[in-house]
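This structure is a prediction, so every number in the text was calculated from the model and none was measured. Values reported hereafter were calculated over all heavy atoms of this structure, with side chains retained and with hydrogens, waters and symmetry mates removed. Order of the sequence lines sets the chain letters (A, B, ...), proteins ahead of strands, with each chain counted from 1.
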2 protein chains.
Amino acid sequence: MISLQHIKSPKPEDLPSELEGLRMTKQRREVLAIILGERDHPTANDVYVRAQNRMPTISLATVYNCLEALVSHHIVRQVNFERESSRYCPNLEDHCHFQDEESGIIHDVIFKKGVKLEDFLELPQGTEINHLEISLKGRIGSE
Amino acid sequence: MISLQHIKSPKPEDLPSELEGLRMTKQRREVLAIILGERDHPTANDVYVRAQNRMPTISLATVYNCLEALVSHHIVRQVNFERESSRYCPNLEDHCHFQDEESGIIHDVIFKKGVKLEDFLELPQGTEINHLEISLKGRIGSE
DNA sequence: ATCGGAATTAGAATAATTCCAATTTCTACT
DNA sequence: AGTAGAAATTGGAATTATTCTAATTCCGAT
Ligand SMILES: [Mn+2]
Ligand SMILES: [Mn+2]
Ligand SMILES: [Zn+2]
Ligand SMILES: [Zn+2]
C-alpha cells in the first residue's frame with residue numbers, strides 16, 4: 001500500500017472511501033484530489049474554481065467545509081502568510097513555506113536533518129508545542 | 001540616549017516628534033505608548049479601546065493607520081497567528097511568538113545565541129529572506 | 001425501502017481590515 | 001502672525017475571507 005503523498009495526481013474516484021476516520025464523500029474526494037494534484041498551495045477559492053470543472057454544482061461553502069474536515073483530520077495542511085487568504089498543502093512532512101515575492105509562488109522548505117525546535121529556540125522548559133508555523137518571504141537568488 | 005525598547009512605559013508626550021523618519025503625531029504617539037506600555041501584544045481593537053481613555057475622539061481607522069505607519073517604519077512589529085486578528089509587538093529583537101492555548105497569552109521566544117536560518121532550514125542557496133514569521137501554539141509545562 | 005444522521009447547498013451574516021471623501025492639523029514659508 | 005499646501009485624521013461605507021443558518025439531499029445501516 002502506497003501513501004497518498006506518493007500518488008502524484010490521483011483521480012478522485014481512486015481515493016478510498018474513508019481516510020483518517022473521515023468519510024470521503026464525492027466532494028471531499030474532489031477537493032482532496034485537486035490539492036494532491038497540482039501541488040501549488042491553492043486558496044479555498046482556487047480549489048472552488050478548479051472543482052467546478054468536474055463538479056459544476058459544488059458550492060463554495062462545501063469547499064470550505066471539506067477543507068476544514070481535511071485539515072482537522074490531518075489529511076492536508078493549512079498554510080498562512082500574514083493576512084492573506086489561507087492556502088492548502090498536501091505535504092504532511094515536517095516543513096515550512098517560502099513565498100517568492102516576485103512570482104507569488106509558494107515553495108516547501110524542509111528542515112535540516114535531525115534539527116529539533118529546542119536546538120534553535122529558547123523555549124521555557126516544559127513547553128508543549130501543538131502547532132508550529134514558519135512562513136518566509138523573499139526572493140529567489142538570480143545570479 | 002536610550003532606545004525606546006528600554007523605556008518601560010513612556011508617556012506619549014515623552015516620545016520624540018519623529019522616529020525612523022516617521023512624523024510622530026499625537027495619535028501615533030498614543031498608539032505607540034500603548035504598545036510599549038503594556039507589552040501584551042494587543043490587537044488593533046485592543047489598542048483602540050485603550051487609546052480612548054486618554055483620547056476619546058480617536059477613531060479606529062486612525063488606529064489602523066497609525067499601526068500601519070509604525071509597522072512599515074519598523075517601529076513596531078505585526079504578529080499573526082493563523083487567521084486571528086493581527087497583534088502588535090514592541091520588541092524589535094529577532095524573536096518569534098508562542099501562544100499559550102490555555103490563557104491565550106502570547107510570549108516572546110528568542111532564538112538560541114548565534115543561530116542562523118540556514119542552520120536549520122534547507123533553503124535553496126541564493127535565497128534572500130525579507131520577512132520571517134514563526135508562530136507556535138501549545139501549553140506551558142505544568143509539572 | 002425506509003430511517004436518521006451527516007453532508008451539501010445557497011444565501012445571509014460576521015468581522016477584520018481597507019477605502020473614501022470631507023475635515024482638521026501641521027509645516028513651511030512669507 | 002497669517003496662509004497655502006501637504007499630510008493626517010475621521011466617520012462611515014465598502015471589501016473580502018470566512019462562518020453561519022436553515023432547508024434539502026445524500027448515504028449507510030437496518
Ligand atoms: Mn493540527
Ligand atoms: Mn518588514
Ligand atoms: Zn507545503
Ligand atoms: Zn513579540
- Task: Output the distance between atom CZ (B:Arg83) and atom CZ (A:Arg83), rounded to the nearest 0.5 Å.
- Result: 6.0 Å
- Within the pair A:Gln27 and D:dC26, is there a side-chain N or O less than 4.0 Å away from OP1 or OP2? no
- Task: Please report, rounded to the nearest Å, how far the P atom of D:dT18 is from the CD atom of A:Glu68.
- Result: 12 Å
- Message: Check the phosphate of C:dT9 against A:Thr62, side-chain N and O only, distance under 4.0 Å to OP1 or OP2. Yes or no?
- Response: yes
- Item | Nearest-Å distance for atom pair CD1/P, residues B:Ile58 and C:dT25 | 14 Å
- Query: Does A:Arg83 have a side-chain nitrogen or oxygen under 4.0 Å from the phosphate oxygens OP1 or OP2 of C:dT17?
  - Reply: yes
- Item | Nearest-neighbour nucleotide for the B:Arg28 side chain, D:dT9, C:dG11, D:dG12 considered | D:dT9
- Item | Closest to the B:Arg23 side chain, choosing from D:dC27, C:dC26, C:dG11 | C:dC26
- Task: Would you mind reading off the distance between A:Tyr88 atom OH and D:dA17 atom P, rounded to a whole angstrom?
- Result: 12 Å
- Under-4.0 Å side-chain N/O to phosphate OP1/OP2 contact, A:Thr25 with C:dT8: yes
- Task: Would you check if there is a donor-acceptor pair between the side chains of B:Asn65 and B:Thr62 at a distance under 3.5 Å?
- Result: no
- Query: B:Leu60 has an atom CG; how far is it from atom C1' of D:dA13, in whole Å?
  - Reply: 14 Å
- When rounded to whole Å, the CG to P distance for the pair B:Leu22 and C:dT27 reads 12 Å
- B:Ala44 vs A:Val63, nearer the 5' end of DNA chain C by closest nucleotide: A:Val63
- Query: Taking CG from A:Leu67 and C1' from C:dT8, how many angstroms apart are they, rounded to a whole number?
  - Reply: 14 Å
- Kindly point out which of D:dG12, C:dT8, C:dT17 is positioned nearest to the side chain of B:Ala61? D:dG12
- Message: Strictly below 4.0 Å: does B:Ser86 bring a side-chain N or O up to OP1 or OP2 of C:dA16?
- Response: no
- Between D:dT18, C:dT17, D:dT10, which nucleotide gets closest to the side-chain atoms of B:Ser85? C:dT17
- Query: Does the side chain of B:His41 come under 3.5 Å of the side chain of B:Asp108 through a donor N or O and an acceptor N or O?
  - Reply: yes
- Query: So what does B:Asn65 hit on the nucleic acid, given a heavy-atom distance under 4.0 Å: a base, only sugar-phosphate, or nothing?
  - Reply: base
- Query: Distance from B:Lys26 atom NZ to B:Met24 atom CE, nearest 0.5 Å?
  - Reply: 13.0 Å
- Determine the contact category for A:Thr43: base if any of its heavy atoms lies under 4.0 Å from a base atom, sugar-phosphate if only primed atoms, P, OP1 or OP2 are that close, otherwise nothing. nothing
- Among D:dG11, D:dT18, D:dC20, find the nucleotide with the atom closest to the side chain of A:Tyr64. D:dT18
- Query: Atom CE of B:Met55 to atom C1' of D:dT10: distance rounded to whole Å?
  - Reply: 13 Å
- Query: Quick one: B:Gln52 CD to D:dG11 P, roughly how many Å, whole number?
  - Reply: 10 Å
- Smallest separation among heavy atoms of A:Ser17 and A:Arg29, with atom names: CA-NH2, 3.4 Å
- Query: Side chains of A:Tyr48 and A:Gln52: donor-acceptor distance under 3.5 Å anywhere?
  - Reply: yes
